[in-house]
Enquirer: 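Have a look at this one.
Numbered from 1 within each chain, the chains take letters A, B, ... in sequence-line order.
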There are 2 protein chains.
Amino acid sequence: MQPADAVETIQREMTVFARRARAAAGRMHPELSLVSYTLLGHLEESGGCRATDLAAHYALDKSTVSRQVTALERAGLIERRPHAQDQRVQVLHLTEAGRRILARVTESRRAAFRERLADWPAEDLSRFAAYLVRYNAGPGSGRYDHGRGT
Amino acid sequence: MQPADAVETIQREMTVFARRARAAAGRMHPELSLVSYTLLGHLEESGGCRATDLAAHYALDKSTVSRQVTALERAGLIERRPHAQDQRVQVLHLTEAGRRILARVTESRRAAFRERLADWPAEDLSRFAAYLVRYNAGPGSGRYDHGRGT
DNA sequence: CCTCCATGGTTGCATAGGCCAACGACCTGT
DNA sequence: ACAGGTCGTTGGCCTATGCAACCATGGAGG
């Protein structure tokens, strides 16, 4: 496959995936939307972060994140902690309930993916995962988050 | 990387991509949303199909597709043609304007991706593309897509 | 031909997710 | 102290979607 075609294929297939993922998430866990799930996941992964970080990472408006956070807090899945040095900042953390639900949903999602990817060789799986990570971390991703530069 | 971790990474990274793609699409071509773009793309690729086919392929509700189609038609990008054997069916086709816009947007998207993927070896690109195709075409996707299959 | 049910699409209604702009609170450098 | 930037909230508004009800058409049985 020529690089140009590969590139086009990549964007198209990613899009198809994105579209289906949303619908599938709704069917799998009506309790936790794909958005909420990803936010919780990021919190777990990062071990607590600011709303602004979430916004930057997912290229969302801060107001959007603010509302999502409010909803998640109201649902008891996350909690806000003050930042020691900066009172403007709220450090978001998973609560026990949040961790539990996240784990449950992650498990069911993982099962679905695993089934879907059942006949893939382990090597292909890890290579695929690596490509995705590389893509998302790649040059240009800086354009989406505003000077959070690690 | 263990398969289970790879699987989890895949879903997470795909989601990040999906989220950013939407925002990026808005910046790149405000005239054609990501949804519209993908629908037009599918029409071009399939050489005309029914609204139901689009709904099935993207796991969207038929009402959603119906509205999108209405908007795209009003914008003059697609047209509905009667089906010879079945009057219920509208076969959707790109108009010249639709084809033109689709080509323009595809080109700008491709340029962005190309820049993003500039330093990837051609082999990795095609392998990445192949993985995505394989994933989307995998068992289970048959539920969504009726025999457009290669 | 008429009836019953399936299929393709549309429309009403409700919800979620997003963006932008304005604002209040708080930090920082001068 | 003041100016300018950052973090998060809110209000206003729009788009995308799903579900359910509904209309028109097509098909299979009587």
Side-chain angles (χ1 to χ4, degrees), chain A residues 15 18-39 48-75 78-92 144-149, chain B residues 15 18-39 48-75 78-92 144 146:
Chain A
T15 303
R19 204 158 291 300
R20 290 178 179 169
R22 176 182 216 150
R27 275 190 292 275
M28 271 193 290
H29 2 273
E31 299 310 299
L32 203 57
S33 77
L34 189 57
V35 184
S36 302
Y37 172 72
T38 57
L39 294 185
C49 69
R50 304 173 305 166
T52 296
D53 297 330
L54 293 177
H57 188 68
Y58 292 106
L60 289 174
D61 189 82
K62 58 184 179 169
S63 65
T64 299
V65 174
S66 173
R67 286 181 234 271
Q68 292 287 338
V69 165
T70 299
L72 289 173
E73 186 193 28
R74 204 161 39 220
I78 66 178
E79 61 180 6
R80 313 175 194 235
R81 296 184 195 163
H83 185 286
Q85 277 74 47
D86 189 336
Q87 286 196 275
R88 293 170 304 179
V89 174
Q90 312 173 337
V91 184
L92 307 173
Y144 299 119
D145 53 42
H146 312 255
R148 176 179 65 83
Chain B
T15 304
R19 202 156 293 299
R20 290 179 178 167
R22 174 181 219 152
R27 274 191 291 276
M28 268 194 290
H29 34 79
E31 299 311 298
L32 203 56
S33 79
L34 189 58
V35 186
S36 302
Y37 172 71
T38 56
L39 293 186
C49 67
R50 304 174 306 166
T52 296
D53 298 329
L54 293 177
H57 187 68
Y58 293 105
L60 290 172
D61 190 81
K62 57 184 180 170
S63 66
T64 299
V65 173
S66 172
R67 287 181 237 271
Q68 294 286 338
V69 164
T70 299
L72 289 173
E73 186 193 28
R74 204 161 39 220
I78 66 177
E79 61 180 7
R80 313 174 194 236
R81 297 184 195 163
H83 185 285
Q85 277 74 47
D86 190 337
Q87 284 196 275
R88 291 172 303 179
V89 174
Q90 311 171 342
V91 184
L92 306 172
Y144 301 119
H146 309 263

Enquirer: Who are the side-chain hydrogen bond (donor to acceptor under 3.5 Å, both in side chains) partners of A/Arg88, not counting sequence neighbours?
Expert: A/Asp86
Enquirer: Whole Å only: how far is the CD atom of B/Gln90 from the P atom of C/dT7?
Expert: 18 Å
Enquirer: Where each residue is assigned the nucleotide of DNA chain D containing its nearest heavy atom, which of A/Arg80 and A/Arg22 is assigned the position nearer the 5′ end?
Expert: A/Arg80
Enquirer: Given C/dG18, C/dT11, C/dG8, which nucleotide is nearest the side-chain atoms of B/Lys62?
Expert: C/dG8
Enquirer: Identify, with sequence neighbours excluded, every residue that meets side-chain hydrogen bond (donor to acceptor under 3.5 Å, both in side chains) alongside B/Ser33.
Expert: B/Ser36
Enquirer: Answer yes or no: is there a donor N or O on one side and an acceptor on the other, between the side chain of A/Arg80 and the main chain of A/Val89, under 3.5 Å?
Expert: no
Enquirer: Could I get the full list of side-chain hydrogen bond (donor to acceptor under 3.5 Å, both in side chains) partners for B/Glu31, not counting sequence neighbours?
Expert: none
Enquirer: Rounding to a whole Å, what distance do you find between B/Asp61:CG and C/dT15:P?
Expert: 17 Å
Enquirer: Report, one line per pair, each donor and acceptor closer than 3.5 Å where one atom sits in a side chain of residues 59-68 of chain B; sequence neighbours left out.
Expert:
residue: B/Asp61; atom: OD2; partner: B/Ser63; partner atom: N; Å: 2.9
residue: B/Asp61; atom: OD2; partner: B/Ser63; partner atom: OG; Å: 2.6

Enquirer: Within less than 4.0 Å of OP1 or OP2 of C/dG18, is there a side-chain N or O belonging to A/Ser63?
Expert: no
Enquirer: Which whole-number value in Å describes the distance from B/Arg81 CZ to C/dG8 C1'?
Expert: 19 Å
Enquirer: State the dot-bracket string of DNA chain C. Criteria: Watson-Crick or G-U wobble, both atom distances under 3.5 angstrom; notation: ( ) intrastrand, [ ] crossing earlier pairs, | interstrand, . unpaired.
Expert: ||||||||||||||||||||||||||||||
Enquirer: Counting only non-hydrogen atoms, which of residues 64-75 of chain B are less than 4.0 Å from DNA chain D?
Expert: B/Thr64, B/Arg67, B/Gln68
Enquirer: Going 5' to 3' along DNA chain D, between which two nucleotides do contacts with chain B fall, using a heavy-atom cut-off of 4.0 Å?
Expert: D/dA16 to D/dG26
Enquirer: Report the distance from atom CD of A/Glu73 to atom CD of A/Glu79, rounding to the nearest 0.5 Å.
Expert: 8.5 Å
Enquirer: Answer yes or no: is there a donor N or O on one side and an acceptor on the other, between the side chain of A/His29 and the main chain of A/Leu32, under 3.5 Å?
Expert: no
Enquirer: Would you give a per-nucleotide map of nucleotides 25-30 of chain C, 5' to 3', where B means the base has a protein non-hydrogen atom under 4.0 Å away, S means only the sugar-phosphate does, and - means neither?
Expert: BBS---
Enquirer: For B/Gln87, what residues pass the side-chain hydrogen bond (donor to acceptor under 3.5 Å, both in side chains) criterion, not counting sequence neighbours?
Expert: none
Enquirer: From CG of B/Asp53 over to P of C/dT7, roughly how many Å is that when rounded to an integer?
Expert: 14 Å
Enquirer: Supply the atom-to-atom distance B/Leu72 CG to B/Ile78 CD1, rounded to the nearest 0.5 angstrom.
Expert: 4.5 Å
Enquirer: Taking the side chain from A/Tyr37 and the backbone from A/Ala25, do they hold a donor-acceptor pair closer than 3.5 Å?
Expert: no
Enquirer: Nearest 0.5 Å please: distance from the CG atom of A/Leu54 over to the CG atom of A/Leu39.
Expert: 5.5 Å
